[in-house]
Colleague: 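Can you read through this structure? Questions will come right after.
Treat the numbers as computed from the prediction; the structure is a model and nothing was measured.
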Amino acid sequence: MSVNDRPPEEPAQPAAAAIAAPRSLAEQLRARDDASLAALLQARPDLITPVPTDLTQLATRAGTRASVVRALEHLDRFALQTAEALAVAPDPATYDTLLALLAGDEGDPEVTGALPRALATLREQALVWGADDRLRLVRTARELLAPSPQHPSPTGLGPTVAEATAGMSPGRIQEILATAGLSTTHDAVSAVASLTELFTDRTRMRALLHEAPADSLEVLSRLVWGPPYGQVTADPAARLRWLIDRGLLLPTAPGTVVLPREVALHMRAGRAHRAVEPLPPEVEPAVTHRPQVVDAAAAGQAYTALATVEELLGDWDEGGPSVLRAGGLSVRDLKRTAVALDVPEPIAAFWVELAYAAGLLASDGEADEQYAATPAYDEWRELPAAERWTRLATAWLTATRTPGLVGGRDAKDRTLSALGPGLDRSAAPEVRHRVLALLAALPEGASASADSLIARLHWERPLRTPQTQTRTDDLRIRLARWSLSEAELLGITGRGALSTHGRALLATPPDAPLTGAELAAAASRAGRLLTPHLPTPLDHVLLQADLTAVAPGPLERPLADMLGVLADVESKGGATVYRFTPGSVRRALDAGRSASDLHAFLAAHSSTPVPQPLTYLIDDVARRHGHLRIGAASAYVRCDDDALLNEILADKRSADLRLRRLAPTVLAAQTDPATLLEGLRAMGFAPAAESAEGDVLITRAHAHRTPPRTAPEPVPGGPPVPDATLLNAAIRAIRAGDLASTAPRKATATAAPNGSLPRTTSAETLATVQAAVLTGEPLWIGYVNAEGSASQRVIAPIRVEGGFVTAYDHTADEVRTYPLHRITGVAELADENAPLEAQ
């Protein structure tokens, strides 16, 4: 339904129904159907936790401060402005009065068209009740939104004349009447009414203000849109005295005056708000690209995201940075990670947090705690590229952890660190989904103007107190900006526009967030759409004479893994450049490869002939590799060439190793084998480690893994939205409980005051229940359970035996057994309520 379409008028109700207007919110809830109650409980899930016993308790809970605040914060701009207008309107107010406050004296077609929708939203969420001729804002909402010196109204209006003159002396009020040209009255109440009538009469007010001095009107113009309070001295200036004498400014405290609400509304032409926003601002396209270009750019970035996460966790394969005592990653370790990934620190924090949210990274839980990949990372690496991407994308969509906060300060002025506590924001998943939904509403290939998108989000969830908080401080706005950049990094968007596979991640229509099985199905659909756009892994590289290899695209995993051992990555991008060095070749030999293995590998995977310099490099390193043997003595060096050992002993750089000759071919060291190995390599030698049996020790990278870890659970911002099953069960329980509490019963001599359930003796209870078994009539009982909780129920007794009554409980909608000694009272229902089964 368009916001400009007012719902069709409801059919005329019978005269009796028109007379029986609801006297409370509970009565209006009682008149709702199940679908309307379900909509209320879905919009305000806190009302169902726990399930209310009846509709009266539901209405009471809907009016509590915490629940009302939560409901107000989820209203859009115009619905909130409607509630704010009702807060400054008479209680109750008519629909026409409310429309006049929003549209002003001149009217506004957009406001007229949008008001029915906003009012329906407030009614659905039980913030407003009553017919159009008696609209009432729930009391707690009125207290929150109505003007007060401590909490100014968002409308900028002040108190009414009656409220502002509540403590004023009757004589002073009469003086104001006389100065304003009104007849004095015999009492203060009629005097206030007369002054109010003057200020609400447009014609008489125009005449009064026409007489005002120009500088007095200037004072009013500064107060008219709020704040309405001003300071005055004990001897006000003439321009202020003229206003005070006529009640256009009323004193509220020594030295303080206020502009009455009625005067402000006259000067505003009847508007409660300076700017009314009945319609959401449009999200404007910034640049439009061909959809094929967007998909290609997004797919390329998606593959880059996979490579970045693999590079991050590969760098931490043997154990990552240590965990801070307070939790999280140190600033120094984050900088090192950013350098390793060749990205700015905020981007590095995003990738670290994304891997953590996807369950690929965690703390190992050891005594010297450090971060490492989880076993799930090994499983993730074996998945096809599209499935790996959907794992990351769905983790990002649902995660409440917010990488953009890294480096900021918490409420206790402590620095927020990556992977540390304090980064969860419950609004993050909703904002991410909403940003993508707004992008999905644009034409395919169109990117959104950031300012217009932020304006739309601000309209949908405005700040309740704009006077004390600016837009730039709004967390939702910062989350939206971060979502735009993170979606681009992840490849959900390309060139700022939502990709085809990005659209598939959303619901149809995209306004409904996905959960559970729906999210898995959407991710699978997105993966299928992404697959054709992903680059095909290559099985070859281009070897060059300068000891480099160029990978013109992504490589197959076995080739990439082996090349990562044999060479060092020199540069990344569309093509990756690897450089062969003596150290990288020695690393491959240490991993158990022989020179012939390396030659065969390069020949098999190079699309160009293997350059002669590379062949010489491998042969030269291999010829020297293992010529020296190092073992534990603490450590020793043995070599068949005693001249080489003499060279080592003569080298001044070996002094720190504290070597001494044990035999012509053996040197002993006072350091451990690993230090000795690195020291000789630093001197330019190519020693090989050997085992205790004298064999060459093959060293492979040790992949350090954490114990099995689950991905972090999102932190909810409130009670979860109930599903259909829970809603149906809750509504049945509320209806049954309400029936029990409101069902009329027969008058008895022992009836309790105020129509409450009478207390009956054990004998009376037993006799009444036994009689009901014979007659089949339902009863109204009071019952106290084993935990001491009291409730009222409507039951149909079936049998009585052994001190227990078995009955069909209309409240619970099932057959139950009750101990007679726990029944506090019993009464028969009135005849018109007897056939409860038909209700």
Colleague: Say you draw a straight line from CD of Gln301 to CG of Leu490; how long is it, rounded to the nearest 0.5 Å?
Modeller: 8.5 Å
Colleague: Just to verify, which of Leu25, Leu135, Thr121 counts as forming a side chain to side chain contact (heavy atoms under 4.5 Å, CB included) with Val128?
Modeller: Leu135
Colleague: Can you tell me how far CD of Glu488 sits from OG of Ser483, rounded to the nearest 0.5 angstrom?
Modeller: 13.0 Å
Colleague: Report yes if some heavy atom in the side chain of Asp108 is under 4.5 Å from a heavy atom in the side chain of Leu102; otherwise report no.
Modeller: no
Colleague: Would you indicate whether the side-chain heavy atoms of Arg425 and Leu405 approach each other to under 4.5 Å?
Modeller: yes
Colleague: If you define the side chain from C-beta out and look only at heavy atoms, does anything of Val435 sit under 4.5 Å from Leu457?
Modeller: yes
Colleague: How close do Leu324 and Ser417 get, counting heavy atoms only, and between which atoms?
Modeller: CD1-OG, 4.4 Å
Colleague: Please test Trp225 against Arg274 for side chain to side chain contact (heavy atoms under 4.5 Å, CB included), starting from the C-alpha separation and ending with a verdict.
Modeller: CA-CA 7 Å; Trp225 291 108; Arg274 171 176 285 187; 2.7 Å; yes
Colleague: What residues, two or more places apart in sequence or in another chain, satisfy salt bridge (Lys or Arg N to Asp or Glu O under 4.0 Å) together with Arg709?
Modeller: none
Colleague: Any donor and acceptor pair, going by atom type alone, linking the side chain of Thr390 with main-chain N or O of Glu387 inside 3.5 Å?
Modeller: yes
Colleague: Taking the side chain as everything from C-beta on, heavy atoms only, tell me whether Leu40 gets closer than 4.5 Å to Arg32.
Modeller: yes
Colleague: Check whether any side-chain N or O of Thr308 sits under 3.5 Å from a backbone N or O of Thr304 as a donor-acceptor pair, and report yes or no.
Modeller: yes
Colleague: Is there side-chain contact between Leu439 and Leu453, with at least one heavy-atom pair below 4.5 Å?
Modeller: yes
Colleague: Can you name the nearest heavy-atom pair linking Ser153 to Ala146, along with the distance?
Modeller: CB-C, 4.3 Å
Colleague: Show the nearest heavy-atom pair for residues Arg432 and Thr402, with the distance to one decimal.
Modeller: NH2-CA, 4.5 Å
Colleague: Nearest 0.5 angstrom please: Leu438 CG to His433 NE2, how far?
Modeller: 10.5 Å
Colleague: In sequence, state the C-alpha distance, the side-chain angles, and the governing distance for Arg434 and Glu460, and then conclude on salt bridge (Lys or Arg N to Asp or Glu O under 4.0 Å).
Modeller: CA-CA 10 Å; Arg434 188 58 189 148; Glu460 293 179 347; 2.5 Å; yes
Colleague: Which value, rounded to the nearest 0.5 Å, describes the distance between Ile454 atom CD1 and Leu484 atom CG?
Modeller: 6.5 Å
Colleague: Without swapping roles, check the side chain of Gln81 against the backbone of Ala275 for a donor-acceptor pair under 3.5 Å.
Modeller: yes
Colleague: Run the salt bridge (Lys or Arg N to Asp or Glu O under 4.0 Å) test on Asp132 and Arg123 for me, step by step, so that the C-alpha distance in whole Å, both residues' side-chain angles and the decisive distance to 0.1 Å come before the verdict.
Modeller: CA-CA 11 Å; Asp132 281 358; Arg123 277 177 167 148; 2.8 Å; yes
Colleague: Take Phe350 and Val406, measure what side chain to side chain contact (heavy atoms under 4.5 Å, CB included) needs, and give me the verdict at the end.
Modeller: CA-CA 9 Å; Phe350 167 71; Val406 172; over 6 Å; no
Colleague: How far does CG of Leu37 sit from CG of Leu727, to the nearest 0.5 angstrom?
Modeller: 10.0 Å
Colleague: Is there a donor-acceptor pair under 3.5 Å between the side chain of Arg61 and the backbone N or O of Leu47?
Modeller: yes
Colleague: Within the 4.5 Å heavy-atom criterion, are Glu345 and Lys335 side-chain neighbours or not?
Modeller: yes
Colleague: Answer yes or no: does atom CD of Glu282 have more than 12 heavy-atom neighbours from other residues, nucleotides or ligands under 6.0 Å?
Modeller: no
Colleague: Taking the side chain as C-beta and beyond, is there a heavy-atom pair between Leu436 and Leu505 under 4.5 Å?
Modeller: no
Colleague: Measure across Ser499 and Ala298 and return the closest heavy-atom pair with its distance rounded to 0.1 Å.
Modeller: CB-CB, 3.7 Å
Colleague: State plainly whether the residues Arg290 and Glu444 are in salt-bridge range, i.e. N to O under 4.0 Å.
Modeller: no
Colleague: Within the distance-only criterion (no hydrogens, no angle test), does the side chain of Thr140 pair as donor or acceptor with the backbone N or O of Gly63 below 3.5 angstrom?
Modeller: yes
Colleague: Side chain to side chain contact (heavy atoms under 4.5 Å, CB included) with Thr82: which of Asp76, Leu115, Leu101?
Modeller: Leu115
Colleague: Any ion pair linking Glu430 and Arg476 (charged N to carboxylate O, less than 4.0 Å)?
Modeller: yes
Colleague: I'd like to know if the side chain of Arg495 and the backbone of Asp295 have a donor-acceptor N/O pair within less than 3.5 Å.
Modeller: no
Colleague: So, the side chain of Ser452 versus the backbone of Glu284: is there a donor-acceptor pair under 3.5 Å, distance only?
Modeller: yes
Colleague: Verify side chain to side chain contact (heavy atoms under 4.5 Å, CB included) between Trp380 and Leu313, making sure each step is shown before the conclusion.
Modeller: CA-CA 12 Å; Trp380 177 79; Leu313 295 176; 5.5 Å; no
Colleague: Under a 3.5 Å distance rule, please check whether Thr493 uses its side chain to pair with a backbone N or O of Gly496 as donor and acceptor.
Modeller: no
Colleague: Does the Arg142 side chain pair with the main chain of Leu86, one donor and one acceptor, at a distance under 3.5 Å?
Modeller: yes
Colleague: Does Arg77 count as lying over the ring of Trp459, i.e. NZ or CZ under 6.0 Å from the six-ring centre, within 45 degrees of the axis?
Modeller: no
Colleague: Can you confirm whether Pro147 sits close enough to Val88 that some side-chain heavy atom of one is under 4.5 Å from a side-chain heavy atom of the other?
Modeller: yes
Colleague: At their closest point, which heavy atom of Leu489 faces which heavy atom of Ala305, and how far apart are they?
Modeller: O-CB, 3.9 Å
Colleague: Could you report the tightest heavy-atom contact between Val294 and His289, atom names first, then the distance?
Modeller: CG2-CB, 3.9 Å
Colleague: Regarding Arg409 and Thr415, is there a side-chain donor-to-acceptor distance under 3.5 Å anywhere?
Modeller: yes
Colleague: Step by step, work out the side chain to side chain contact (heavy atoms under 4.5 Å, CB included) result for Glu310 and Arg388.
Modeller: CA-CA 11 Å; Glu310 286 192 42; Arg388 282 184 282 144; 2.5 Å; yes
Colleague: Between atom OG1 of Thr49 and atom CG of Leu726, what is the distance when rounded to the nearest 0.5 Å?
Modeller: 8.0 Å
Colleague: Output all residues satisfying ring-ring contact (aromatic ring centres under 6.0 Å, His included) with Trp351, sequence neighbours left out; order by chain, then residue number.
Modeller: none
Colleague: Are the side chain of Arg401 and the backbone N or O of Pro714 linked by a donor-acceptor pair below 3.5 Å?
Modeller: no
Colleague: Show your working on salt bridge (Lys or Arg N to Asp or Glu O under 4.0 Å) between Glu143 and Arg65 and close with a plain yes or no.
Modeller: CA-CA 9 Å; Glu143 293 172 353; Arg65 183 181 180 86; 5.5 Å; no
